[in-house]
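Scroll down for the structure; my scribbles are underneath it.
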Amino acid sequence: MADRRDLDVAIETGLTQQAIVDCENSSSLLDRVIHCHRGRGGRTIVGISGIEASGKSTITDELANRLSTLGHDVLVIRGDEFSTTKAVRNNNPDTVRGYLDDAYDYSHLSLRVLEPLRSAAVTEISYVSTDPETDDAVESRARVSERALVIVEGVLLFRGPLFDQFDLRIWVDVSFDESLRRAVMRPRDLHYYGNAESIVSRYESRFHPAQKIHAREDRPQLTSHVIVRSR
C-alpha cells in the first residue's frame, strides 16, 4: 500500500481532492455518494475497491441498503462475477502476475456493464459471469433506471481501462495484517481453502504481493475520491 504519510502530504498540499471517513461513520460515506449523484444528470457509477478481506462487501451492502431506503434505485455489481475460469487464472507460472492480469475479466465488465450504462437509451444490461468455484457460466440480467446508482465492488478495480469509468472511486483502507486476520476467520475463505494455514499461504504468496504491485503501479490510495478507514 502507499505510505499513509504520502497520502497525508498529498492532501495537505492540495495534490488531490479526497475525503477520509471511518467505516463506523456510514452516514458520512452515504452523504458523499448522494452528493456525487445529485451533481449528475443521469446514472452514477460508484467503484468500491480495496485489498482482499478489507470489508468491501459489508460496506457495499450497508450503503446499498441505506440508499434504497432513501428511495434511490440501486444496482450492485460484484467483481467476483467477472472471475475467469480456473484454467485461465492459474495458467501463469508467475502466480502473482497471473492474479493481477488474469484472475478477472474486467474487459467484459467494461463492455457489457459500464460502457452501456453511459447511454440513457440502455434500460437493461445482461452479462455472463463465471462461478469462481465451479466454473459454471451464469447469465445475469438487470433493469436499470435512468437515474440509477450503480455500485461496483471488487478487488483490483482501479487499474487500466476501468480506472476512468467510475464517477466516484472509494478505496477501503486496511492493513495487510488485518486483512489476513479477517481472512482466516471468514467462512468464504475457509470453505474455499480448507483451513487457516492454506489461507495464510495463499494470501502471503499471491494476493498480498499482487496488491503491493497494484499500490505501486496504480496508487489507488492517492487517486480515489474517498478513503474509508476500515478497522
Side-chain angles (χ1 to χ4, degrees), residues 1-4 6-7 23 47-60 77-110 113-114 129-133 135 151-166 169-224 226-230:
M1 284 187 179
D3 193 303
R4 169 60 58 187
D6 290 344
L7 179 57
C23 63
I48 299 181
S49 194
I51 69 174
E52 291 73 12
S54 60
K56 300 180 299 299
S57 296
T58 300
I59 290 170
T60 296
I77 303 291
R78 307 288 182 181
D80 284 348
E81 296 180 85
F82 297 87
S83 296
T84 56
T85 63
K86 293 177 183 178
V88 170
R89 66 178 181 265
N90 295 317
N91 182 59
N92 193 331
D94 183 340
T95 60
V96 173
R97 203 72 231 183
Y99 180 63
L100 273 171
D101 298 334
D102 304 323
Y104 299 95
D105 185 3
Y106 283 159
S107 61
H108 187 59
L109 167 62
S110 177
V113 177
L114 301 183
S129 59
T130 301
D131 186 303
E133 289 192 44
D135 278 354
I151 303 176
V152 183
E153 171 266 317
V155 296
L156 304 173
L157 288 179
F158 303 154
R159 349 175 33 232
L162 280 188
F163 179 84
D164 290 326
Q165 296 196 36
F166 298 105
R169 292 184 298 275
I170 299 171
W171 179 260
V172 183
D173 186 31
V174 71
S175 70
F176 289 109
D177 287 343
E178 178 62 16
S179 163
L180 196 57
R181 186 191 71 80
R182 295 178 184 182
V184 298
M185 296 188 296
R186 280 203 309 186
R188 165 184 168 182
D189 284 300
L190 286 168
H191 170 73
Y192 196 84
Y193 296 108
N195 55 61
E197 290 75 15
S198 296
I199 294 171
V200 170
S201 175
R202 194 65 164 173
Y203 272 64
E204 291 185 340
S205 66
R206 182 169 166 93
F207 299 152
H208 286 174
Q211 288 289 352
K212 290 174 182 178
I213 293 173
H214 176 36
R216 290 196 304 270
E217 292 182 349
D218 307 299
R219 312 203 76 182
Q221 279 189 304
L222 292 178
T223 56
S224 295
V226 181
I227 299 293
V228 177
R229 285 177 168 163
S230 183

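Bear in mind the structure is a predicted one, so any value in this text is a computation, not a measurement.
- For Thr95, the side chain to side chain contact (heavy atoms under 4.5 Å, CB included) partners two or more places apart in sequence, or in a different chain, are Arg206.
- Take Asp102 and apply the side-chain hydrogen bond (donor to acceptor under 3.5 Å, both in side chains) test, not counting sequence neighbours, and it matches no residue.
- With sequence neighbours left out, Phe82 forms a ring-ring contact (aromatic ring centres under 6.0 Å, His included) with His108, Tyr127.
- Nearest heavy-atom pair across Lys56 and Ile51 is NZ-O, 2.9 Å.
- You'll find the side chain of Asp101 reaches within 4.5 Å of the side chain of Arg159, heavy atoms only.
- Here the CD1 atom belonging to Ile77 is positioned 11.5 Å from the OG1 atom belonging to Thr60, to the nearest 0.5 angstrom.
- Summarising the geometry of Ser49 relative to Gly154, their closest heavy-atom pair is OG-O, 2.7 Å, with the distance given to 0.1 Å.
- Between the side chain of Ser230 and the main chain of Ser54, a donor-acceptor pair closer than 3.5 Å is present.
- Once rounded to the nearest 0.5 Å, the distance linking CD of Glu133 with OG of Ser83 reads 10.5 Å.
- Looking at Thr223 and Phe163, their side chains come closer than 4.5 Å, going by heavy atoms from C-beta outward.
- The two residues Asp173 and Gln221 have their closest heavy-atom pair at OD1-NE2, 2.8 Å.
- Pairs of residues two or more places apart, or lying in two chains, never qualify as salt bridge (Lys or Arg N to Asp or Glu O under 4.0 Å) while including a residue from residues 84-94.
- Qualifying side-chain hydrogen bond (donor to acceptor under 3.5 Å, both in side chains) partners for Arg188, counting only residues two or more places apart in sequence or in other chains: Asp80.
- The aromatic rings of Phe207 and Tyr99 lie tilted to each other, with the angle between the two planes from 30° to 60°.
- For Ser107, the side-chain hydrogen bond (donor to acceptor under 3.5 Å, both in side chains) partners at least two apart in sequence or on another chain are Asp105.
- Taking CD of Glu81 as the start and CG of Leu109 as the end, the distance is 9.0 Å to the nearest 0.5 Å.
- Residues passing the side chain to side chain contact (heavy atoms under 4.5 Å, CB included) test with Glu197, sequence neighbours excluded: Asn195.
- Rounding to the nearest 0.5 Å gives a distance of 7.5 Å between CD1 of Ile48 and CD of Glu153.
- Legend: residues meeting salt bridge (charged side-chain N to carboxylate O under 4.0 Å, His left out) with Asp189, ordered by chain and number and at least two apart, are Arg186.
- In this structure, the side chains of Val152 and Leu114 come closer than 4.5 Å at one or more pairs of heavy atoms.
- Counting all heavy atoms, side chain and backbone alike, Trp171 lies closest to Ser224 at CB-OG, 3.4 Å.
- Not counting sequence neighbours, the partners of Thr85 by the side chain to side chain contact (heavy atoms under 4.5 Å, CB included) test are Ala87, Val88, Thr130, Asp135.
- Under the rule for a salt bridge (charged side-chain N to carboxylate O under 4.0 Å, His left out), the partners of Glu178 that lie at least two apart in sequence or sit in another chain are Arg181, Arg182.
- The closest side-chain heavy-atom distance from Ile213 to Arg97 is below 4.5 Å.
- To the nearest 0.5 angstrom, Leu156 atom CG is 5.5 Å from His214 atom NE2.
- Proximity of Arg169 to Leu157: side-chain heavy atoms (C-beta onward) are nowhere separated by under 4.5 Å.
- Counting all heavy atoms, side chain and backbone alike, Tyr193 lies closest to Ser198 at O-CB, 3.4 Å.
- One N or O on the side chain of Thr84 and one on the backbone of Ala103 form a donor-acceptor pair closer than 3.5 Å.
- Applying the side chain to side chain contact (heavy atoms under 4.5 Å, CB included) test to Leu190 and every residue at least two apart in sequence or in another chain returns Ile199.
- With sequence neighbours excluded, the residues forming a ring-ring contact (aromatic ring centres under 6.0 Å, His included) with His208 are Phe176, Tyr203, listed by chain and number.
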